[in-house]
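A, B, ... follow the sequence lines: proteins, then strands. Residue 1 opens every chain. Small disclaimer: the values here were computed from a predicted structure and weren't measured.
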There are 2 protein chains.
Amino acid sequence: MADQHSLPLPLPKEEDVVVSQFQVISLESIRIACRNCSLLNLCLPTGLTPNDVERLDGLIKHNHPLHRGDYLFRRGDPFRSLHIVKTGAVKTFAPSPEGGEQVLGFHLPGEIIGLDAIARTSHISSAKVLETSAICEISFAKFETLTAITPDLQQQMYRLLSLEIGQNTEMLLLLGRKNAEARLASFLLNLSQRLRRRGLSPSDFYLSMSRHEIGSYLGLAVETVSRVLTRFQDDKMIRVDRKHIELLNFSALMTLCESAGQHRQQQRT
Amino acid sequence: MADQHSLPLPLPKEEDVVVSQFQVISLESIRIACRNCSLLNLCLPTGLTPNDVERLDGLIKHNHPLHRGDYLFRRGDPFRSLHIVKTGAVKTFAPSPEGGEQVLGFHLPGEIIGLDAIARTSHISSAKVLETSAICEISFAKFETLTAITPDLQQQMYRLLSLEIGQNTEMLLLLGRKNAEARLASFLLNLSQRLRRRGLSPSDFYLSMSRHEIGSYLGLAVETVSRVLTRFQDDKMIRVDRKHIELLNFSALMTLCESAGQHRQQQRT
DNA sequence: TGATTTAGTTGATTTGAATCAAGTGTACGG
DNA sequence: CCGTACACTTGATTCAAATCAACTAAATCA
């Protein structure tokens with residue numbers, strides 16, 4: 001899905017793996033663990049001493065790269081480990097009985113997947129790879145034991161769980177109050193910000209998810225997503241070419257986000 | 001607010017405090033700490049040894065009862081402690097610049113408030129008391145230190161944070177996919193279930209929040225909340241009299257919840 | 001390579017819920 | 001106890017976004 005957008009980069013060797021549109025890693029390199037990981041400052045090890053990182057590192061299992069459509073886990077699977085996106089992108093979703101999916105989130109490198117299952121014995125959501133991705137896996141039981149003797153790691157874990165809650169809260173605000181334009185604008189700016197933190201361009205990127213998935217995530221119909229993107233382009237706020245997005249006018253997008261949206265404005269309760 | 005609905009119970013003494021429509025506690029009793037708390041099996045101490053409970057207990061600060069409209073904290077306040085509802089009810093919300101409020105959650109006894117602020121220095125939401133409530137307060141710094149040397153408590157904390165994430169996820173599903181009827185039905189059943197866990201009637205209860213607050217929480221206009229409740233009553237699924245709610249037909253409500261709602265049904269992505 | 005499927009766009013129409021507008025009943029302050 | 005304010009209800013109207021429908025362009029595959 002991503003391959004056809006590759007910029008002219010050194011051609012991958014046979015044994016190498018294309019993990020995203022901008023990145024090619026050798027099979028050797030996926031064996032590198034936390035202490036050398038480029039996500040050191042985005043991921044679990046953030047703020048840990050080199051010593052602690054090494055111990056954490058010992059728990060991480062590096063699976064073979066997964067490809068578009070592969071599952072990390074399915075709803076109902078027993079919960080045993082957390083998954084961390086190393087490269088690529090993953091979506092989590094709630095499968096509906098009729099075969100449909102409600103997308104719950106898109107996950108970029110350094111983001112942890114499966115936090116909602118800690119309190120349970122099995123997963124309540126499913127996770128699927130959007131583009132070829134390298135995924136770290138960490139046994140939660142072992143991890144929990146390690147955090148019990150590593151205060152910094154425990155603190156970091158609280159931080160991450162809390163961040164997740166805060167992000168969900170923002171999403172509730174978005175779904176509860178914002179109209180279609182504000183939702184799309186928020187979505188694009190959020191993605192942009194997360195890409196920036198990863199050292200990628202915040203204004204020029206490729207979407208690894210379909211319009212349908214975006215719609216599902218934002219509570220909108222595909223047609224609405226399409227129409228609003230076109231409108232944004234007509235208004236010179238963005239440029240769209242299929243999955244390629246360029247953000248041209250950040251402040252206009254931000255203004256849209258803040259506009260209360262759907263309902264003129266919140267009344268006093 | 002709750003007082004006028006009180007069932008014929010022994011009249012409270014002058015120094016006593018009415019904390020909810022069904023419960024009157026003496027000022028003395030609010031000094032009772034975790035080890036005697038009726039929420040022992042719903043709250044933080046769940047699964048802890050008596051010894052650990054005692055240590056946790058030492059950190060808990062019991063404030064004076066708060067009354068309707070009192071703030072636990074406001075957005076922007078420095079985050080220092082977690083709050084736990086002991087009796088009563090609390091709402092959390094995101095204040096909007098124009099003075100409006102987007103309700104983020106309603107919190108019953110045993111539920112922890114402020115988990116979204118752990119990763120930050122200040123609160124991102126505000127919390128206000130809906131009816132006279134007793135609130136436990138616990139310094140997060142001290143608590144964190146205690147969890148670092150109490151594996152069971154740490155585990156419980158992970159569990160609670162994860163549960164919160166899972167609940168938010170359900171809310172995302174609700175806001176993203178469900179129509180007005182499904183939202184109200186979910187709301188009523190959710191409340192019912194939480195009351196049952198607390199030993200209260202799951203089918204006959206009083207709402208401590210206004211229609212406006214329900215609407216804000218569910219992403220609906222007040223008028224819609226009112227209309228749907230009336231419709232439910234016409235269909236004999238519930239009986240409503242102001243804040244008094246009786247659930248008459250659980251299975252009908254459950255069926256409504258599951259109906260995909262707004263959109264006929266999710267398509268494959 | 002051409003055929004078929006799938007993703008995305010665009011337009012027309014419908015519709016569920018918001019908004020606007022009265023009205024009623026309950027709570028509350030003097 | 002009365003008057004005012006506020007919470008809630010109910011009806012009429014509007015509107016944003018869903019649905020329906022048709023079409024185009026990619027992607028996939030035989």
Side-chain angles (χ1 to χ4, degrees), chain A residues 1-5 67-69 100-101 130-131 174-184 206-216 218-234 238 240-245 256 259-269, chain B residues 1-5 67-69 100-101 130-131 174-184 206-216 218-234 238 240-245 256 259-269:
Chain A
M1 189 98 294
D3 313 18
Q4 67 278 25
H5 301 302
H67 302 97
R68 179 168 178 82
E101 305 177 343
L130 287 169
E131 56 179 277
L174 181 145
L175 290 174
R177 289 285 146 233
K178 293 184 177 175
N179 63 15
E181 296 199 343
R183 289 180 197 199
L184 254 305
Y206 286 87
L207 301 173
S208 49
M209 69 292 286
S210 70
R211 301 283 192 274
H212 211 113
E213 288 163 332
I214 296 172
S216 172
L218 297 175
L220 299 172
V222 207
E223 295 94 326
T224 306
V225 174
S226 187
R227 268 187 261 271
V228 172
L229 287 180
T230 306
R231 213 178 305 157
F232 282 179
Q233 174 157 256
D234 291 348
I238 65 173
V240 198
D241 175 30
R242 233 138 157 68
K243 302 211 173 273
H244 182 202
I245 302 278
L256 267 182
S259 77
Q262 192 168 9
H263 325 304
R264 191 169 314 293
Q265 69 193 26
Q266 263 317 85
Q267 284 162 43
R268 194 169 313 268
T269 49
Chain B
M1 190 95 299
D3 314 19
Q4 66 278 25
H5 302 303
H67 302 95
R68 180 170 176 81
E101 304 177 344
L130 286 170
E131 55 179 279
L174 182 144
L175 290 173
R177 291 284 146 235
K178 293 183 177 176
N179 63 15
E181 296 201 342
R183 289 181 197 199
L184 254 306
Y206 288 86
L207 299 174
S208 49
M209 68 293 286
S210 69
R211 301 284 193 272
H212 210 113
E213 288 164 331
I214 296 173
S216 172
L218 298 175
L220 299 171
V222 207
E223 294 95 326
T224 305
V225 174
S226 187
R227 268 187 262 271
V228 172
L229 288 179
T230 305
R231 213 178 303 158
F232 282 179
Q233 174 158 255
D234 292 347
I238 66 173
V240 198
D241 174 31
R242 236 132 158 74
K243 302 214 175 268
H244 181 202
I245 301 279
L256 266 181
S259 77
Q262 192 167 10
H263 325 305
R264 190 170 315 291
Q265 67 192 27
Q266 264 314 86
Q267 286 162 40
R268 196 170 308 271
T269 49

Spacing of B:His244 atom NE2 relative to C:dT26 atom P, expressed in whole Å = 15 Å
request  = Please state whether the phosphate of C:dG25, meaning OP1 or OP2, lies under 4.0 angstrom from any side-chain nitrogen or oxygen of B:Arg242.
outcome  = no
ask   = Rounded to the Å, how far apart are A:Glu181 CD and D:dA17 P?
value = 8 Å
note = Here the distance between atom P of C:dG8 and atom CG of A:Asp241, to the nearest Å, is 12 Å
key: For B:Phe232 against B:Glu181, the heavy-atom pair lying closest together   = CZ-O, 3.4 Å
message = Please report the interatomic distance OG(A:Ser226) to CD1(A:Ile214), rounded to the nearest 0.5 Å.
response = 10.0 Å
request  = Whole angstrom is fine here: how far is it from CG in B:Leu218 over to C1' in C:dA18?
outcome  = 15 Å
note = Sorted by position of nearest nucleotide on DNA chain D, 5' first, the leading residue of A:Val225 and B:Val225 is B:Val225
task = Starting from P on C:dT26, measure out to NE2 on B:His212 and report it in whole angstrom.
result = 21 Å
remark   = When rounded to whole Å, the CG to P distance for the pair A:Leu184 and D:dA17 reads 10 Å
Nearest-Å distance for atom pair CG/C1', residues B:Leu207 and D:dA7 = 13 Å
message = How close do B:Val228 and B:Ala180 get, counting heavy atoms only, and between which atoms?
response = CG2-CB, 4.1 Å
query = Can you tell if the side chain of B:Leu174 reaches within under 4.5 Å of the side chain of B:Leu218, non-hydrogen atoms only?
reply = yes
query = Rounded to the nearest 0.5 Å, what separation is found between the CG atom of A:Leu207 and the CZ atom of A:Arg242?
reply = 11.5 Å
inquiry  = Would you compute the distance between atom CG of A:Leu184 and atom CG of A:Leu229 and round it to the nearest 0.5 angstrom?
reply    = 5.0 Å
query = OP1 or OP2 of C:dG8 less than 4.0 angstrom from a side-chain nitrogen or oxygen of A:Lys243, does that happen here?
reply = yes
Find every protein N or O atom lying less than 3.5 Å from an N or O atom of nucleotides 10-13 of chain D, and list the pairs.
{"from": "D:dT10", "atom 1": "OP2", "to": "B:Thr230", "atom 2": "OG1", "distance (Å)": "2.8"}
{"from": "D:dG11", "atom 1": "N7", "to": "B:Arg227", "atom 2": "NH1", "distance (Å)": "2.8"}
{"from": "D:dG11", "atom 1": "O6", "to": "B:Arg227", "atom 2": "NH2", "distance (Å)": "3.4"}

query = Closest heavy-atom contact between B:Arg183 and B:Gly219?
reply = NH1-O, 3.4 Å
message = Please report the distance, rounded to the nearest Å, between CG in B:Asn179 and P in D:dT19.
response = 11 Å
